[in-house]
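Working notes, beginning with the structure itself.
Since we're looking at a predicted model, the values are computed, not measured. Note: hydrogens, waters and symmetry copies are ignored here, and every other heavy atom, side chains too, is used.
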Amino acid sequence: MHRHLLEHLPPAPATILDVGGGAGHQSFPLAQLGYDVTVLDSSPAMLEAARKRLPDGVQVAFVEADGERAAEAVGGRRFDAVLCHGVLGYLDQPDAMVEQLCRCAAPGGLVSIMTGNANAMAVRPAMQRRWTDALAAFDSRREVGVLGVPGRADTVDELSELLRRDGVEPVRWYGVWLFVDWLEFGGTELDPGDADQLAATAEVELEASRRDPYRGLSRVFHLLGRKT
């Protein structure tokens, strides 16, 4: 996802709002590259964790607020890019949050959404040999995710329509987590300490994220649009 973003973001020090940014895993690397980052999250505990893991010498602003009131929380400020990764799946409906993301984007600004892929719901239970769950997943939008928390999935087409409704034109979408998921769900353990293997894995995942039919089978998708 970091590589995807760098293909579309304007140069640093462009402004970035990370809505539901949690501990800053996606936005801190951008801050280290010189971007002007604001992390907005409704959880004081997550924001405190983010402050503790902020690298030395890196400046990031923190805002405690509900993402569905993001525009008000940032005082009407508009950003060159608005990120919302791994958040929509915990909401009953995505409409209100997407509207806020689009409102917070400046003209020409980027909106980046990562969320569960409703068209691949059966993959995880099937790889775990939970056949009854896999059969039910073909017609379901909801599941208990890998963190043990109930979640909901969306489709690229549906979120693209919401973006267009709020003045953002979709420009590209990618798959995220394909072969790595299949290996782990199948019982294969990857060694995070093997740098060469990690780099090779990342390159394969990046290539799969850009290509059909692979990207459509990924557990989540990454959709980017630009404010018109």
Side-chain angles (χ1 to χ4, degrees), residues 1-2 4-6 8-31 33-51 54 58-116 151-173 220-228:
M1 287 184 61
H2 184 69
H4 300 160
L5 286 169
L6 293 182
H8 296 274
L9 283 171
T15 57
I16 295 176
L17 175 66
D18 190 2
V19 177
H25 290 292
Q26 190 66 65
S27 55
F28 282 8
L30 297 173
L33 293 176
Y35 285 94
D36 179 355
V37 170
T38 298
V39 174
L40 182 148
D41 202 286
S42 62
S43 168
M46 292 300 294
L47 291 176
E48 181 60 25
R51 291 187 179 95
L54 185 66
V58 176
Q59 298 294 318
V60 171
F62 296 97
V63 177
E64 182 183 333
D66 189 325
E68 291 178 304
R69 293 191 292 272
E72 177 184 357
V74 297
R77 184 183 176 191
R78 300 294 180 260
F79 295 80
D80 298 315
V82 181
L83 318 183
C84 185
H85 301 156
V87 176
L88 295 188
Y90 299 112
L91 306 176
D92 288 335
Q93 296 294 333
D95 305 52
M97 180 69 86
V98 172
E99 188 272 336
Q100 287 290 294
L101 303 177
C102 297
R103 182 180 295 186
C104 289
L110 190 71
V111 175
S112 171
I113 297 173
M114 184 272 277
T115 194
R152 183 191 56 77
D154 295 286
T155 71
V156 172
D157 289 343
E158 290 166 349
L159 287 188
S160 294
E161 280 303 306
L162 290 182
L163 289 177
R164 291 188 182 98
R165 180 199 68 182
D166 295 318
V168 171
E169 184 60 29
V171 294
R172 189 76 187 271
W173 73 273
V220 304
F221 64 86
H222 184 197
L223 174 63
L224 296 118
R226 199 164 296 282
K227 185 74 169 285
T228 57

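- No donor-acceptor pair closer than 3.5 Å links the side chain of R226 to the backbone N or O of E169.
- Rounding to the nearest 0.5 angstrom, the gap separating the CG atom in L101 from the CD atom in E68 is 10.0 Å.
- Proximity of a side-chain donor or acceptor of T38 to a complementary backbone N or O of L17 within less than 3.5 Å is not detected.
- Put simply, the side chain of Q100 gets close to the backbone of A70: a donor and an acceptor are under 3.5 Å apart.
- Panel note: side chain R78, backbone G76; a donor-acceptor pair is recorded below 3.5 Å.
- Taking every heavy atom of both residues into account, G67 and V19 meet most closely at CA-CG1, 3.8 Å.
- Taking both residues in full, the closest heavy atoms of G24 and A50 are given as N-CB, 4.5 Å, listed atom of the first, atom of the second, then distance.
- In this structure, OH on Y35 lies 9.0 Å from CG on L5, to the nearest 0.5 angstrom.
- Between the R152 side chain and the L91 main chain, a donor and an acceptor come within less than 3.5 Å of each other.
- When every heavy atom of M46 is checked against every heavy atom of A23, the shortest pair comes out as CE-N, 3.6 Å.
- Scanning all heavy atoms of the two residues, the minimum distance from V168 to G225 falls at CG1-C, 3.5 Å.
- Residues L9 and L30 meet the side-chain proximity criterion, which asks for heavy atoms closer than 4.5 Å.
- Contact check for F28 versus V39: side-chain heavy atoms found under the 4.5 Å cut-off.
- Checked options L162, L159, V220; the residue passing with D154 is L159 (criterion: side chain to side chain contact (heavy atoms under 4.5 Å, CB included)).
- In this structure, E158 places its CD atom where more than 12 heavy-atom neighbours from other residues, nucleotides or ligands lie under 6.0 Å away.
- With rounding to the nearest 0.5 angstrom, the NE2 atom of H4 is 12.0 Å from the CG atom of L223.
- Closest non-hydrogen pair, A31 versus V60, comes out as CB-CG2, 3.7 Å.
- The structure places NE2 of H222 at 11.5 Å from CZ of R172, a figure rounded to the nearest 0.5 Å.
- Between L33 and H2, the closest side-chain pair of non-hydrogen atoms falls below 4.5 Å.
- Separating the CE atom in M114 from the CE atom in M1 is a distance of 4.5 Å, to the nearest 0.5 Å.
- At least one donor-acceptor pair under 3.5 Å links the side chain of K227 to the backbone N or O of C102.
- Listed here is the closest heavy atom pair of A105 and V111: CB-CG2, 3.9 Å.
- Two residues are said to be in side-chain contact when any heavy atoms from C-beta on lie closer than 4.5 Å; L163 and I113 meet this criterion.
- Using a distance-only test at 3.5 Å, with no hydrogens or angles considered, no donor-acceptor pair links the side chain of S112 to the main chain of L224.
- Looking only at distances, a side-chain donor or acceptor of D41 sits under 3.5 Å from a matching main-chain atom of G22.
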